[in-house]
Amino acid sequence: MPLTLYNTLTRRKEVFDPIDPHQVQMYYCGVTVYDYCHLGHARACIVWDTVRRYLKWRGYNVRYVQNFTDIDDKILNRARQEGTSMEAVAEFYIQAYFEDMARLNVMEADEYPRATHTIDGIKRLIHELEQNGNAYPTAGDVYYSVRSFPGYGKLSGQKLDEMQTGASGRVEATHEANQPQKRDPADFALWKSAKPDEPAWESPWGAGRPGWHIECSAMVRECFADASGKRLGDTIDIHAGGNDLIFPHHENEIAQSEAVTGKPLSRYWMHNGMVNVGGEKMSKSLGNFTTIRDLLDRKGIDPMVIRLFVLGASYRKPIDFTDEALTAAQNGWNTLKEGLLFGYEYGDRLEWHDREDAQTSILEQFQTAMDDDFNTSSGLAVLFEIAKALQREGNLLVHQGKTDAPPDTLKQQWQTLIELAQVLGLEAKPEDPTSTNGLSDAAIETEIQRRRDAKIVKNFAEADRIRNELQAQGITLIDKPGGETLWHRS
RNA sequence: GGCGGCAUAGCCAAGUGGUAAGGCAAGGGUCUGCAAAAUCCUCAUCCCCAGUUCGAAUCUGGGUGCCGCCUCCA
């Protein structure tokens, strides 16, 4: 069974067929660094991280490049507000980004190009566009002429003549008046002349800064060259990003790159759905966002719960962020975690020795699910089945002191679960055993004896009080038939 | 106005022609002083209408509702 994925460009699921059968070139349009990342960004990062992990598990080497947009009006505004520089703001939020993503277990990209580090490549590309007649300078600005590129609109399915400029209501009334030199309302800026007090770079068109879309075209070109400088980046395999980037951003990238190279910029265009709140897209401008830090630190959510929340849905569909959904993910993670910790908790006791290989039939089941356009929801069902079984065996060991399941089988199941969870970036680490809580074993035994005495005289109120008190301190009691009481720290 | 997408139980979510995965939650039985654990059982004909078909949640046509994009966006 081949791996298939949905290609926005063709609006179909297609068999994945990379240019080099061993090496996948993947570019993810990353974030503009002017604030902390919110759950919407987290979703995108987790989704593409998972795609990357799965491709690796499937046997491909993946070159994964993700950009930072560090030239932008919003960064500039922030810098003005805080009385600092654009560089300082960008640097601060890039570091914050790295911290957040490490916690979410998002693997580091192979390269993180930044707009400010790509100025030469950007200028080169604009120059080539100009020479080809796709770009025109006016009064210090340079615009891309959308009418000069016949394929304009092929990604988003838009036709220039049917597009309604300004339909989103976001273009200010004065906007057009400020850009009288544009030949067509749909033309977009490749280079913007410097305004006073703004960071600027020298260029053949005067001091200025690059427009938004051009950076990605330049970065793809530069980041996928081999050691000898031979360009691999004319066409890459996968170009990914949020579906809010399809138009205009990715459409414009195609126009810029393909006008110069005459080759497809990317074979596959993949787009993740948005995170919604109350049916509306989570976004900075609506103010309905929750930052990753807020979830992790203020609400104390386990990062893996966020991964599970994200992977529970198809990456292309919108997901609604609600307390209920979060609770469900939380509970679900508890089950998976118990499964993932099974080997650490009971491995010694079950006298596991030799390494068992993962269970092929289950791996195949998982692969079938994921091969269908990265169907993580179906894939997770495979993990839950194993985790549930291990959770059950773990409980039997704790409560009955034994299990009838063969240790080898359990080990095999466990290793299968660990392997698959890793593909989804889900990991659970055993608790640090040094952080045991206050009560000594002897003190616990004393309390249990007192409770036993209370039970003998049928003083159940007192017995329950002692049990509750221990439970509050993380000690769980288990009454066995015959009056014996087991206990364990939770 | 244009383009794209979605509609499956209380909630989330798979399934894309052969009789509804999985998760979360809920209810009940056994066991237990009560719990815990285990175990058993219950919990949807898939937005509506009309077609195609031996057979449709799945295909076709027509509705209805919701969402995203149309130069800030993951």
Side-chain angles (χ1 to χ4, degrees), chain A residues 8 11 28-32 34 37-48 69 72-74 153 156-159 161-171 175 185-189 211-213 240-249 251-252 271-276 279-286 308-309 312-314 316-320 322 324-336 369 372 375-385 387-388 391-392 394-400 455 458-461 463-464 467-468 471 476-481 486:
Chain A
T8 306
R11 280 174 220 109
Y28 161 45
C29 254
V31 294
T32 304
Y34 70 105
C37 288
H38 60 60
L39 187 57
H41 302 113
R43 181 186 194 190
C45 295
I46 290 168
V47 159
W48 304 121
T69 298
D72 173 83
D73 284 341
K74 291 190 294 291
S156 56
Q158 304 279 353
K159 292 191 182 70
D161 294 324
E162 281 162 8
M163 276 197 296
Q164 204 168 316
T165 307
S168 68
R170 292 201 196 96
V171 186
H175 188 77
D187 288 353
F188 55 92
W212 174 35
H213 315 294
N243 67 14
D244 52 353
L245 296 182
I246 296 171
F247 192 90
H249 186 53
E251 193 70 63
N252 290 352
H271 294 96
N272 62 277
M274 299 291 102
V275 173
N276 287 357
E280 264 186 332
K281 175 180 167 182
M282 175 181 285
S283 73
K284 284 280 159 60
S285 44
L286 286 169
L308 195 57
F309 167 71
S314 154
R316 288 196 282 133
K317 285 191 184 179
I319 38 175
D320 235 326
T322 60
E324 212 175 353
L326 200 59
T327 306
Q330 186 99 53
N331 292 333
W333 172 241
N334 287 339
T335 299
L336 283 182
D372 182 14
N375 190 333
T376 49
S377 191
S378 283
L380 274 172
V382 177
L383 305 220
F384 269 107
E385 243 162 81
K388 284 253 168 186
Q391 182 185 44
R392 178 179 169 278
N395 282 328
L396 286 173
L397 281 164
V398 169
H399 292 265
Q400 323 279 323
K455 277 173 69 177
K458 300 218 183 296
N459 184 355
F460 294 120
D464 290 349
R467 183 169 62 195
N468 291 339
Q471 183 66 65
T476 302
L477 301 190
I478 302 152
D479 290 335
K480 301 272 291 176
L486 302 176

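Predicted, not measured: the structure shown is a model, and the values here were computed from it. Within every chain, numbering begins at 1; the chains are lettered A, B, ... in the order of the sequence lines, protein sequences first and strands thereafter. Quick note: numbers below take in every heavy atom, side chains included, and nothing from hydrogens, waters or symmetry partners.
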* **Exam field: side chain A:Glu251 to backbone A:Gly153, donor-acceptor pair closer than 3.5 Å** => yes

* To do: Send over the distance from A:Asp161 CG to B:C3 P, rounded to a whole Å.
  => 13 Å

* Asked: Using the C1' atom in both, what is the distance from B:G61 to B:A26, to the nearest Å?
  -> 40 Å

* To do: Using whole Å, report how far CG of A:Asn252 lies from C1' of B:C73.
  => 14 Å

* Structure fact -> Under a 4.0 Å heavy-atom criterion, the protein footprint on nucleotides 8-13 of chain B, written with B, S and -, is ---S-S

* To do: Between A:Gly40 and A:Lys388, just flag the one whose closest nucleotide in RNA chain B comes earlier from the 5' side.
  => A:Lys388

* Asked: Whole Å only: how far is the CZ atom of A:Phe309 from the P atom of B:A74?
  -> 18 Å

* Take atom C1' in B:A9 and the same atom in B:U45, then report the distance between them in whole Å. => 11 Å

* Does B:A57 pair with anything, Watson-Crick or G-U wobble, both distances under 3.5 Å, and if so, with which nucleotide? -> none

* Assign A:Phe460 to base, sugar-phosphate, or nothing according to its heavy-atom contacts below 4.0 angstrom with the strands shown. => base

* **Whole-angstrom distance between B:A56 and B:A37, as gauged at atom P** => 44 Å

* Asked: Start at the 5' end of RNA chain B and walk down; is the nucleotide closest to A:Pro248 or to A:Asn375 reached first?
  -> A:Asn375

* Structure fact -> When every non-hydrogen atom of A:Thr69 is compared with those of A:Asp72, the smallest separation belongs to CG2-CB, 4.5 Å

* To do: Take the protein atom CG of A:Asn243 and the nucleotide atom P of B:A74, then report the distance between them rounded to whole Å.
  => 12 Å

* Structure fact -> Closest non-hydrogen atoms of A:Leu486 and A:Val398, given as atom of the first, atom of the second and distance, are CD1-O, 3.4 Å

* To do: Both distances under 3.5 Å, Watson-Crick or G-U wobble: report the partner of B:U30, or none.
  => B:A38

* For A:Phe247, all residues meeting ring-ring contact (aromatic ring centres under 6.0 Å, His included), sequence neighbours excluded -> none

* Minimum-distance nucleotide to A:Gln158 side chain [options: B:C3, B:A74, B:G15] -> B:C3

* Between A:Asn272 and A:Gly242, is there a donor-acceptor pair closer than 3.5 Å when you use the side chain of the first and the backbone of the second? -> yes

* **Inter-residue atom distance A:Phe309.CZ - A:Ile46.CD1, 0.5 Å rounding** => 9.5 Å

* To do: Please round to the nearest 0.5 Å and tell me the distance separating atom CD of A:Glu280 and atom CG of A:Asp320.
  => 10.5 Å

* To do: Rounded to whole angstrom, note down the P distance from B:G29 over to B:C34.
  => 12 Å

* Base, sugar-phosphate, or nothing: which does A:Leu380 touch, judged by heavy atoms less than 4.0 Å apart? -> nothing

Using nucleotides 25-27 of chain B, report all nitrogen or oxygen pairs with the protein that are shorter than 3.5 Å.
residue : atom : partner  : partner atom : Å
B:A25   : OP1  : A:Asn331 : ND2          : 2.9

* Sugar-phosphate, base or nothing in reach of A:Gly153, heavy atoms under 4.0 Å -> nothing

* **Heavy-atom pair of closest approach, residues A:Met282 and A:Leu39** => SD-CB, 3.8 Å

* Asked: If you look at every heavy atom in A:Ala313 and A:Ile319, which pair is closest and at what distance?
  -> CB-CG2, 3.0 Å

* Structure fact -> Heavy-atom closest pair (A:Ala387 atom, A:Leu336 atom, distance to 0.1 Å) is CB-CD2, 3.7 Å

* Asked: Looking across every strand, which nucleic acid part, if any, lies under 4.0 Å from A:Asp372 by heavy atom: base, sugar-phosphate, or nothing?
  -> sugar-phosphate

* Structure fact -> pair_partner(B:G10), Watson-Crick or wobble, both distances < 3.5 Å, evaluates to B:C24

* To do: Respond yes when some side-chain nitrogen or oxygen of A:Trp212 is under 4.0 Å from OP1 or OP2 of B:C73, and no when none is.
  => yes

* To do: Check the distance between B:A74's P and A:Leu39's CG and give it to me in whole angstrom.
  => 14 Å

* To do: Using a heavy-atom cut-off of under 4.0 Å over every strand shown, decide if A:Cys29 touches base, sugar-phosphate, or nothing.
  => sugar-phosphate

* **Given B:C69, B:G4, B:C24, the nucleotide with the shortest approach to the side chain of A:Thr335** => B:C24

* To do: Measure the distance from CD on A:Glu280 to P on B:C67 and round it to the nearest whole Å.
  => 8 Å

* Asked: When all nucleic acid strands are considered with a 4.0 Å heavy-atom cut-off, which category describes A:Asp244: base, sugar-phosphate, or nothing?
  -> base

* Just call it for A:Thr32: base, sugar-phosphate, or nothing, with non-hydrogen atoms closer than 4.0 Å on any strand. => sugar-phosphate

* Whole angstrom value for the distance that separates C1' of B:A74 from NE2 of A:His38 -> 7 Å

* Is A:Leu396 touching bases, backbone alone, or none of the nucleic acid, heavy atoms closer than 4.0 Å? -> sugar-phosphate

* Measure distances between side-chain N and O atoms of A:Lys281 and base N and O atoms of B:C73, and say whether any donor-acceptor pair falls under 3.5 Å. => yes

* Asked: With distance as the sole test, does A:Arg43 use its side chain to make a donor-acceptor pair with the main-chain N or O of A:Gly273 at under 3.5 Å?
  -> yes

* Sidechain-backbone polar pair: A:Asn375 side chain, A:Ser378 backbone, donor-acceptor under 3.5 Å -> yes

* Is it the case that more than 12 heavy atoms not belonging to A:Lys480 sit under 6.0 Å from its NZ atom? -> yes

* Can you tell me the pairing partner of B:C47 across any strand shown, Watson-Crick or G-U wobble, with both distances under 3.5 angstrom? => B:G63

* To do: Classify the angle between the aromatic ring planes of A:His213 and A:His249 as parallel (below 30°), tilted (30 to 60°) or perpendicular (above 60°).
  => tilted

* To do: Look at the side-chain N and O atoms of A:Asn272 and state whether any lies under 4.0 Å from the OP1 or OP2 oxygen of B:A74.
  => no

* Where the side chain of A:Ser377 meets the backbone of A:Gly312, is there a donor-acceptor pair that is under 3.5 Å apart? -> yes

* To do: Could you tell me which residues satisfy salt bridge (Lys or Arg N to Asp or Glu O under 4.0 Å) with A:Lys284, sequence neighbours excluded, listed by chain and number?
  => A:Asp35

Write down the protein N/O and nucleotide N/O pairs, taken from nucleotides 41-48 of chain B, whose separation is under 3.5 Å; answer none if there are no such pairs.
none

* To do: Just call it for A:Val382: base, sugar-phosphate, or nothing, with non-hydrogen atoms closer than 4.0 Å on any strand.
  => nothing

* Please walk me through it: do A:Thr8 and A:Asn243 pass side-chain contact (heavy atoms from CB on, under 4.5 Å)? -> CA-CA 9 Å; A:Thr8 306; A:Asn243 67 14; over 6 Å; no

Check nucleotides 34-36 of chain B for protein N or O atoms closer than 3.5 Å to its own N or O atoms and list the pairs.
residue : atom : partner  : partner atom : Å
B:C34   : O2   : A:Arg467 : NH2          : 2.4
B:C34   : N3   : A:Arg467 : NH1          : 2.9
B:C34   : N3   : A:Arg467 : NH2          : 3.3
B:C34   : N4   : A:Asp479 : OD2          : 2.9
B:A35   : N6   : A:Asp479 : O            : 3.0
B:A35   : N1   : A:Asp479 : N            : 3.1
B:A35   : N3   : A:Arg467 : NH1          : 3.3

